[in-house]
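Below is one structure, written out as structure tokens; the observations come after it.
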Amino acid sequence: MQVVFQRLPKTAEDLISMPELDFTSPFHVAALFIAAICSYSENRDECFRMIDVLKGPQKLCAMEKQFIRDRMMGKSDYIGKAYFAGASPENDYTPVLPYTVIFEENPDVYAEAGYATVYVHTSGADSPRPLKLRKKREYWFLWEHAGLLIDIHKPGSFDPWR
């Protein structure tokens with residue numbers, strides 16, 4: 001499964017206006033989380049507003065915002081981009097266009113009633129990373145996102161031996 005974007009949103013309003021915003025698909029919501037965290041280095045508050053859109057009525061709490069701040073420290077320029085096709089440590093996580101998020105095919109996505117756990121590929125890690133979404137009525141919302149913010153391989157330009 002994959003989700004493709006022509007552009008990345010800069011604000012919550014941009015995110016809301018994107019044709020890819022589809023709360024009926026857990027994969028689209030998960031992919032838009034990746035697009036949202038790409039904006040962190042430019043505007044942390046807008047990044048949080050975009051994540052709030054994806055979380056639905058349950059917004060980020062202060063502890064979640066601090067967790068994101070801690071994980072993005074020193075990595076905010078590349079950690080989101082690392083989840084797009086074509087991005088690798090060797091090319092400093094420069095994705096190919098259009099922006100494409102590739103999910104692992106997994107029969108256990110919907111194993112837990114009312115939830116979906118999707119796994120996102122990245123060349124910055126040895127295995128796909130999980131995101132958990134929660135279903136309310138017919139819509140999916142971001143539920144657990146910490147798996148994507150775990151350390152990944154540093155970009156090649158960060159390597160002092162290069």
Side-chain angles (χ1 to χ4, degrees), residues 1-72 75-76 78-87 95-122 124-125 127-152:
M1 170 67 183
Q2 65 183 24
V3 176
V4 179
F5 305 114
Q6 297 303 317
R7 63 179 182 83
L8 297 178
K10 301 283 185 197
T11 66
E13 290 75 23
D14 281 351
L15 180 87
I16 291 166
S17 70
M18 291 179 72
E20 296 86 2
L21 182 61
D22 178 6
F23 285 104
T24 64
S25 164
F27 298 99
H28 278 81
V29 175
L32 284 167
F33 172 73
I34 294 166
I37 63 173
C38 287
S39 72
Y40 185 90
S41 64
E42 290 180 32
N43 189 328
R44 177 174 58 192
D45 293 332
E46 280 299 328
C47 174
F48 291 154
R49 288 183 61 221
M50 285 188 262
I51 294 170
D52 280 344
V53 168
L54 300 172
K55 286 182 64 69
Q58 185 172 343
K59 307 301 181 201
L60 286 168
C61 68
M63 188 174 73
E64 287 176 303
K65 288 180 182 180
Q66 186 60 49
F67 177 85
I68 293 169
R69 277 187 212 108
D70 292 347
R71 296 307 171 274
M72 296 297 262
K75 298 176 267 185
S76 64
Y78 65 86
I79 198 161
K81 293 176 183 169
Y83 293 98
F84 291 121
V96 296
L97 299 179
Y99 300 99
T100 305
V101 178
I102 300 172
F103 295 94
E104 179 181 84
E105 298 291 330
N106 187 328
D108 297 327
V109 168
Y110 304 103
E112 188 178 354
Y115 295 90
T117 302
V118 300
Y119 291 85
V120 186
H121 284 274
T122 175
S127 59
R129 299 291 176 87
L131 273 171
K132 192 169 189 176
L133 300 105
R134 183 178 184 183
K135 188 172 189 179
K136 286 297 187 175
R137 297 184 184 82
E138 69 271 14
Y139 300 115
W140 291 96
F141 298 98
L142 185 64
W143 191 246
E144 294 175 6
H145 51 76
L148 260 65
L149 300 176
I150 297 171
D151 278 343
I152 59 173

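In this chain, residues are counted from 1 in sequence order. All figures in this text were calculated on a predicted structure; none of them were measured in a lab. Computed over heavy atoms, backbone and side chain alike; hydrogens, waters and symmetry mates excluded.
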**Q.** Worked check of side-chain contact (heavy atoms from CB on, under 4.5 Å) between Y110 and Y115
**A.** CA-CA 6 Å; Y110 304 103; Y115 295 90; over 6 Å; no
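- At a threshold of 4.5 Å between non-hydrogen side-chain atoms, the residues I68 and L60 count as touching.
- To the nearest 0.5 Å, atoms CG (L131) and CG (L54) are separated by 10.5 Å.
- Here the side chains of V29 and L21 are not in contact, with every heavy-atom distance at 4.5 Å or above.
- Under the 30°/60° scheme for interplanar angles, the aromatic rings of F48 and Y40 are found to stand perpendicular.
- Closest non-hydrogen pair, S39 versus P9, comes out as CB-O, 4.1 Å.
- Crowding of K136 atom NZ: a count of heavy atoms from other residues, nucleotides or ligands under 6.0 Å not exceeding 12.
- Looking only at distances, no side-chain donor or acceptor of E104 sits under 3.5 Å from a matching main-chain atom of P128.
- In this structure, CG in L133 is found 9.0 Å from CZ in F27, a value given to the nearest 0.5 Å.
- Counting only distance, with no hydrogens or angles, the side chain of N43 and the backbone of E46 share a donor-acceptor pair below 3.5 Å.
- Between F84 and C38 there is a side-chain heavy-atom pair separated by less than 4.5 Å.
- Looking at every heavy atom in both residues, P130 comes nearest to L148 through O-CD1, 3.5 Å.
- Using bins of under 30°, 30° to 60° and over 60° for the plane-to-plane angle, the ring pair Y139/F23 lands in the perpendicular bin.
- A donor-acceptor distance shorter than 3.5 angstrom exists from the side chain of T100 to the backbone of P98, with no hydrogens or angles considered.
- Residue-environment remark: NZ (K81) stays at or below the threshold of 12 foreign heavy atoms within 6.0 Å.
- Here the CZ-OG1 distance, from R129 to T122, works out to 7.0 Å after rounding to the nearest 0.5 Å.
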Q.
side-chain contact (heavy atoms from CB on, under 4.5 Å) for I102 and V3? Distances and angles first, verdict last.
A. CA-CA 7 Å; I102 300 172; V3 176; over 6 Å; no
Q.
Determine whether M72 and L149 satisfy the following criterion, side-chain contact (heavy atoms from CB on, under 4.5 Å), listing intermediate values before the conclusion.
A. CA-CA 7 Å; M72 296 297 262; L149 300 176; 4.0 Å; yes
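- Between I51 and L142 there is a side-chain heavy-atom pair separated by less than 4.5 Å.
- S25 places no side-chain N or O within donor-acceptor distance of the main-chain N or O of D22, the cut-off being under 3.5 Å.
- The aromatic rings of F67 and H145 lie tilted to each other, with the angle between the two planes from 30° to 60°.
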Q: Show your reasoning for whether salt bridge (Lys or Arg N to Asp or Glu O under 4.0 Å) applies to R71 and D151.
A: CA-CA 8 Å; R71 296 307 171 274; D151 278 343; over 6 Å; no
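- A salt bridge is absent between E64 and K59; no separation between the charged side-chain nitrogens and carboxylate oxygens falls under 4.0 Å.
- Salt-bridge check for E144 with R134: failed, with every basic side-chain N at 4.0 Å or more from each acidic carboxylate O.
- Residues A35 and L8 approach most closely at CB-CD2, 3.9 Å, considering heavy atoms.
- Residue A31 comes nearest to F103 through the heavy atom pair N-CZ, 3.9 Å, listed as atom of the first residue, atom of the second, then distance.
- Geometric assessment of K55 against the ring of F141 yields a negative cation-pi assignment under the 6.0 Å and 45° thresholds.
- One distance of note links CE of M50 with CD of E13; it measures 9.5 Å at 0.5 Å rounding.
- A salt bridge links K10 with E42: the closest approach of a Lys/Arg side-chain nitrogen to an acidic carboxylate oxygen falls below 4.0 angstrom.
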Q. Which is it for I152 and Y83 under the side-chain contact (heavy atoms from CB on, under 4.5 Å) test, yes or no, and what are the steps along the way?
A. CA-CA 10 Å; I152 59 173; Y83 293 98; 4.1 Å; yes
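- The side-chain heavy atoms of Q6 and M18, taken from C-beta on, include no pair separated by under 4.5 Å.
- Considering every non-hydrogen atom in both E138 and K135, the closest pair reads CA-CE, 3.8 Å.
- Note: T11 OG1 to I16 CD1 = 8.0 Å, rounded to the nearest 0.5 Å.
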